[in-house]
Chemist: 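Dropping a structure here in structure tokens format, bear with me for questions.
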Protein chains: 2
Amino acid sequence: MATAATINDVAKMAGVSIKTVSRVVNREPNVREKTRDLVLQAIQQLNYKPSLAARGLAGGRSFLIGMMYDNASDSFLVDLQRGILRACRERHYGLALCPASRAEDRTADLMEWVVSTQPDGIILTPPLSDDQSLVDRLIDANVTFISVSSTGTGLGPSVLIDEVDAARSMAQHLIDAGYQDIGFIKGPADHACSDLRFRGFEMAMNSAGLPVNSDWVKVGEFDFDSGVAAAEQMLKGPNRPTAIFASNDDMAAGVINVAYRSGLNVPKDLAVAGFDDTPLAQHFWPGLSTVKQPIIQIGQQATEYLMGLFEGPPSGDSNEKTKSGEQSMVLPYELVLRGSTGA
Amino acid sequence: MATAATINDVAKMAGVSIKTVSRVVNREPNVREKTRDLVLQAIQQLNYKPSLAARGLAGGRSFLIGMMYDNASDSFLVDLQRGILRACRERHYGLALCPASRAEDRTADLMEWVVSTQPDGIILTPPLSDDQSLVDRLIDANVTFISVSSTGTGLGPSVLIDEVDAARSMAQHLIDAGYQDIGFIKGPADHACSDLRFRGFEMAMNSAGLPVNSDWVKVGEFDFDSGVAAAEQMLKGPNRPTAIFASNDDMAAGVINVAYRSGLNVPKDLAVAGFDDTPLAQHFWPGLSTVKQPIIQIGQQATEYLMGLFEGPPSGDSNEKTKSGEQSMVLPYELVLRGSTGA
DNA sequence: ATGGTAGTTGACAGCGCTGTCAACGAAGGT
DNA sequence: ACCTTCGTTGACAGCGCTGTCAACTACCAT
């Protein structure tokens, strides 16, 4: 194995002590600019990369960002990872994955992982970010965390889009396109976004003076099969909606599937809208109108914000109270209109 | 942060030296059974987890498995991660992700990551596993690696399915279903499996006495758009195939998309088969017939095999020559037949 | 000149663990 | 009785880095 240069080599080359190299690497203040340049030059020449292990051991940190997830869609996970990795790379952090287990005591399992991995910060994805018991334990354990794509209602900082407005906006699009009998498929109750998306739908309907028919509001599990089930119920009778807004793409795909099997033309007989812009949405025929969240960006920003939380102000006297503040960053969503709503 | 127990606590509790605890943790030989039990008990009670950082620093290893990938499909990545993590968890290893950059000198970038991360072993996914220059550099650097889902022709050990037979088998299914005019969409040349899958297709056609029409053999990029392009070419004229075997699902989805837009009924006017069993394949209507690779298992087995390579025999006198041997493990594939081929 | 302050640097201990080596007792051969 | 061998255990150094603290250098005010 091509053995990497150590801090000693750099120090010798730059003619300073290893401590000074350490200062430069960690962007500590109070290093003369000339000295810093010397060190940086040596680092460049030797292609020096600090050892995570040694830094972690000595500094009591792990230089690891933990990503906890459960049951999320593949594309969401991969995109989020992309964003996180992008932020990690710059600061020489690593990413540690923690898929939630299927065990009955999920929280205990996750906490064990936290204790054994000791990540410096954790990124929580839905539905974990909406899990009060988990969040409580994390706060107890004094672990810095941030949640993505989730409300953050009293559950620490988060990076997300305005779910209500996004859903409202998509519903408005359906209404503008002339659809009036619109059904809705909600997500599972343990996802905070389920309610928000429904609320946005209601807002658009109300402001257009359209009724929300409770027969046309179903609850799904964010997966294909539950979309099929919900659609079958809504579409079986003669009194059926002319458009269905599913609160994620997988369920919308299920709706389109049912439409095909029932001989309904999309969008002529039935318009379908989704949420998330998964690859699925692009590959269907007709293409699925959906809401695109900037997942990669969300991952990156969340990571950067998270790092800010525990790197904190250099002169920080462990003023930990601010940690679970209600900060949240709202990123812009994008309405992606394709054939399934008549575009 | 709930601070974890250290090796010292365990040693004190068991009434032995920390070295003995270390021996037990590392499954080293020459520890009396009674002593081992004492230590194990203490470990249990204190819920002790060794610190990766300290182990790595002291032992010159990182306890990290690297996963290098480039441009793979989301579901493939996530499933592979699942398998790898499963294997890692047991042995207290971590997983470090290394997405290939878009830079022109990809190999250099990847090697820099290797040097800075120092993973104990690397899992290579296609098309990286077929990249001779990368593999050469890895061997030079004396890094242990294994490739998954790739031929392993002289490029180190690998875990895979019998691609040729899988493709042959799917083609045979089309032939058995009565299709004779069968088109094929190959993958890009830098994926070793592209040739193998085509070879399997040829084998089935030849042994059934059917001609392989070169107008009906196109090369795609393993993505949706190239599937669309290939299908458009094959289907535009009057002399068109009655079935198309795309060598992955994304391209098959493109074919189905074109069929819809051309008013062709799948499978009546055109049968379509894919390869990979991505979620896409299940969600299309009709469902896409495809070949399912046991990705999770592949990931797990590859990881376990990889660990065996560098943990090696306890009495190993650095006999590194065996490292780049031609070992490969072949796992069973599964033919998943759905509506797109008339099931 | 003298003292005070802030900016800059290095010596040194030690993070939690593993590798090396030496110490010890038990078992076996002479 | 002796020496040898082997299995078992612990003392100790040190992995590459950071935190602490002390030293040293300006530089200003007195």
Side-chain angles (χ1 to χ4, degrees), chain A residues 1 3-12 14-39 43 46 48-64 92-94 115-118 120 310-312 314-318, chain B residues 1 3-12 14-39 43 46 48-63 92 115-118 120 310-311 314-318:
Chain A
M1 163 88 71
T3 145
T6 75
I7 198 171
N8 252 299
D9 306 328
V10 178
K12 229 169 283 173
V16 299
S17 75
I18 58 170
K19 180 63 211 179
T20 300
V21 177
S22 168
R23 285 196 180 89
V24 172
V25 170
N26 294 294
R27 294 179 175 73
E28 281 175 34
N30 300 338
V31 177
R32 204 183 310 165
E33 194 167 342
K34 212 168 144 187
T35 315
R36 184 194 311 282
D37 286 348
L38 263 169
V39 172
I43 287 177
L46 294 171
Y48 165 73
K49 308 280 170 188
S51 142
L52 286 193
R55 291 226 284 177
L57 183 55
R61 333 206 259 136
S62 62
F63 290 91
L64 246 34
H92 293 291
Y93 271 72
V115 171
S116 86
T117 308
Q118 301 267 347
D120 290 339
F310 56 71
E311 301 209 323
S315 56
D317 47 342
S318 74
Chain B
M1 162 86 70
T3 143
T6 76
I7 197 171
N8 252 300
D9 306 329
V10 178
K12 232 170 280 171
V16 298
S17 76
I18 58 170
K19 180 62 208 179
T20 299
V21 178
S22 168
R23 285 198 179 89
V24 172
V25 170
N26 293 293
R27 293 179 176 73
E28 280 175 36
N30 301 337
V31 177
R32 205 182 309 166
E33 195 167 341
K34 212 169 147 187
T35 314
R36 181 193 313 281
D37 286 348
L38 264 168
V39 173
I43 287 177
L46 294 171
Y48 165 74
K49 309 279 171 190
S51 142
L52 286 194
R55 292 225 284 175
L57 184 55
R61 332 208 260 135
S62 62
F63 289 91
H92 294 292
V115 171
S116 87
T117 308
Q118 301 267 346
D120 291 339
F310 56 71
E311 302 209 321
S315 55
D317 47 341
S318 74

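Just so we're on the same page: letters track the sequence lines, and every chain starts at 1.
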Chemist: Can you see which heavy atom on A:F63 is nearest to which on A:L52, and at what distance?
Modeler: CB-CD2, 3.8 Å
Chemist: Spell out protein contact along nucleotides 10-17 of chain D as letters: B when the base is contacted, S when just the sugar-phosphate is, - when no protein heavy atom is under 4.0 Å; keep the 5' to 3' order.
Modeler: BB--BBBB
Chemist: Could you tell me the separation between the CG atom of B:L46 and the CD1 atom of B:I7, rounded to the nearest 0.5 Å?
Modeler: 12.0 Å
Chemist: Rounded to whole Å, how long is the line connecting atom CZ of A:R32 with atom P of D:dT25?
Modeler: 11 Å
Chemist: For the helix from C:dA1-D:dT30 to C:dT30-D:dA1, figure out the bend between the end axes, five pairs an end, and round to 10 degrees.
Modeler: 50°
Chemist: What is the minimum heavy-atom distance between A:L57 and B:L57, and which atoms define it?
Modeler: CD2-CD2, 3.3 Å
Chemist: Starting from P on C:dC21, measure out to CD on B:E28 and report it in whole angstrom.
Modeler: 15 Å
Chemist: Quick one: closest heavy-atom pair of B:D9 and B:T6, and the distance?
Modeler: OD2-N, 2.9 Å
Chemist: Find the distance B:K34:NZ to D:dG7:C1' and express it as a whole number of Å.
Modeler: 16 Å
Chemist: Run the side-chain donor-acceptor check on residues 17-26 of chain A: report pairs under 3.5 Å with partners two or more places apart or on a different chain.
Modeler:
from, atom 1, to, atom 2, distance (Å)
A:S17, OG, A:K19, N, 3.4
A:S17, OG, A:T20, N, 3.4
A:S17, OG, A:T20, OG1, 3.4
A:S22, OG, A:N26, ND2, 3.4
A:N26, OD1, A:R55, NH1, 2.7
A:N26, ND2, A:S22, O, 2.8

Chemist: What's the CG-P distance between B:N30 and C:dT18, to the nearest Å?
Modeler: 17 Å
Chemist: Should B:V16 and B:L38 count as side-chain neighbours, where that means a heavy-atom distance under 4.5 Å?
Modeler: no
Chemist: Is there a donor-acceptor contact under 3.5 Å from the side chain of A:D37 to the main chain of A:K34?
Modeler: no
Chemist: In whole Å, I'd like the distance from the CZ atom of B:R36 to the C1' atom of D:dT9.
Modeler: 13 Å
Chemist: Which part of the nucleic acid, if any, lies within contact of B:V25, taking any heavy atom under 4.0 Å across all strands shown: a base, the sugar-phosphate backbone alone, or nothing?
Modeler: nothing
